[in-house]
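One structure is given below, encoded as structure tokens.
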Amino acid sequence: MKKLLSVLLSGILFGAGLASSGMTDTSKVIGFLDVFGEWDPDLLFVMGAAVLTTYIGFKFVLTAREEPLFGEVFSVPTRSDVDVKLVSGASLFGVGWGLYGYCPGPAFASIIYLSPMTVAFLLSMFVGMAIGEYLENRLANVATPG
């Protein structure tokens with residue numbers, strides 16, 4: 001129960017942070033991404049604060065604790081290689097973000113506004129994820145016949 005409450009409170013805090021920073025305002029995000037037009041640098045401060053908070057948080061938590069409060073081990077990325085899957089996924093993510101002004105987190109946080117475009121974005125995102133998983137499994141089966 002403590003773990004579920006922790007997840008719920010973390011999600012609420014994350015969503016409130018996205019909303020208060022302007023990340024749920026698609027016109028603000030698109031303005032930030034429009035570096036050759038009427039660029040709006042406000043979200044640069046949001047990103048800087050997020051990177052700084054994450055850096056400090058990781059350094060503090062990983063040195064102060066041997067294990068997480070609600071888990072067995074810390075889940076820290078160990079891979080540092082760049083492959084086609086990473087580049088193509090990041091590219092698709094960026095194109096989607098630039099076209100509509102949402103990435104998954106702000107899209108979920110914006111569902112509270114009940115915008116049909118946001119609902120369509122989320123549904124499209126889920127369909128795209130399902131297609132990606134299907135193709136990944138299909139390619140894995142082709143690569144390893146048997």
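Any value given below was found using the heavy atoms of this structure, including those in side chains, with hydrogens, waters and symmetry copies removed. Throughout, residue positions are numbered sequentially from 1 according to the sequence presented.
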Side-chain atoms of residues 88-97: list all donor-acceptor pairs with protein atoms under 3.5 Å, sequence neighbours left out, distances to 0.1 Å.
{"from": "S88", "atom 1": "OG", "to": "V84", "atom 2": "O", "distance (Å)": "2.8"}
{"from": "S88", "atom 1": "OG", "to": "K85", "atom 2": "O", "distance (Å)": "3.2"}
{"from": "S91", "atom 1": "OG", "to": "V87", "atom 2": "O", "distance (Å)": "2.8"}

List the atom pairs, donor and acceptor, that lie under 3.5 Å between side-chain atoms in residues 30-48 and the rest of the protein, sequence neighbours left out.
{"from": "D34", "atom 1": "OD1", "to": "G37", "atom 2": "N", "distance (Å)": "3.1"}
{"from": "D34", "atom 1": "OD2", "to": "E38", "atom 2": "N", "distance (Å)": "3.4"}
{"from": "W39", "atom 1": "NE1", "to": "F32", "atom 2": "O", "distance (Å)": "2.7"}
{"from": "D40", "atom 1": "OD1", "to": "D42", "atom 2": "N", "distance (Å)": "3.2"}
{"from": "D40", "atom 1": "OD2", "to": "K28", "atom 2": "NZ", "distance (Å)": "3.0"}
{"from": "D42", "atom 1": "OD2", "to": "K28", "atom 2": "NZ", "distance (Å)": "2.6"}

Which atom pairs, one a donor and one an acceptor, fall under 3.5 Å between side chains of residues 1-19 and the rest of the protein, sequence neighbours left out?
{"from": "S10", "atom 1": "OG", "to": "S6", "atom 2": "O", "distance (Å)": "2.8"}

Enumerate donor-acceptor pairs with a distance under 3.5 Å from any side-chain N or O in residues 106-113 to protein atoms, sequence neighbours excluded.
{"from": "S110", "atom 1": "OG", "to": "Y102", "atom 2": "OH", "distance (Å)": "2.8"}
{"from": "S110", "atom 1": "OG", "to": "P106", "atom 2": "O", "distance (Å)": "2.8"}
{"from": "Y113", "atom 1": "OH", "to": "T24", "atom 2": "OG1", "distance (Å)": "3.4"}

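The side chain to side chain donor-acceptor pair (under 3.5 Å) contacts involving residues 59-75 comprise nothing, where partners must be two or more places apart or lie in separate chains. Screening residues 91-120 for salt bridge (charged side-chain N to carboxylate O under 4.0 Å, His left out) gives no qualifying pairs among residues at least two apart or on separate chains. Annotation: side chain to side chain donor-acceptor pair (under 3.5 Å) contacts involving residues 13-22, sequence neighbours excluded, are absent.
S115 pairs by the side chain to side chain contact (heavy atoms under 4.5 Å, CB included) definition with Y100, M117, T118, not counting sequence neighbours. Every side chain to side chain contact (heavy atoms under 4.5 Å, CB included) that I131 has, sequence neighbours left out, goes to V127, L135. Partners of D81 by side-chain hydrogen bond (donor to acceptor under 3.5 Å, both in side chains), not counting sequence neighbours, listed by chain and number: R79.
To the nearest 0.5 Å, the span separating OH on Y55 from CZ on F60 amounts to 14.5 Å.
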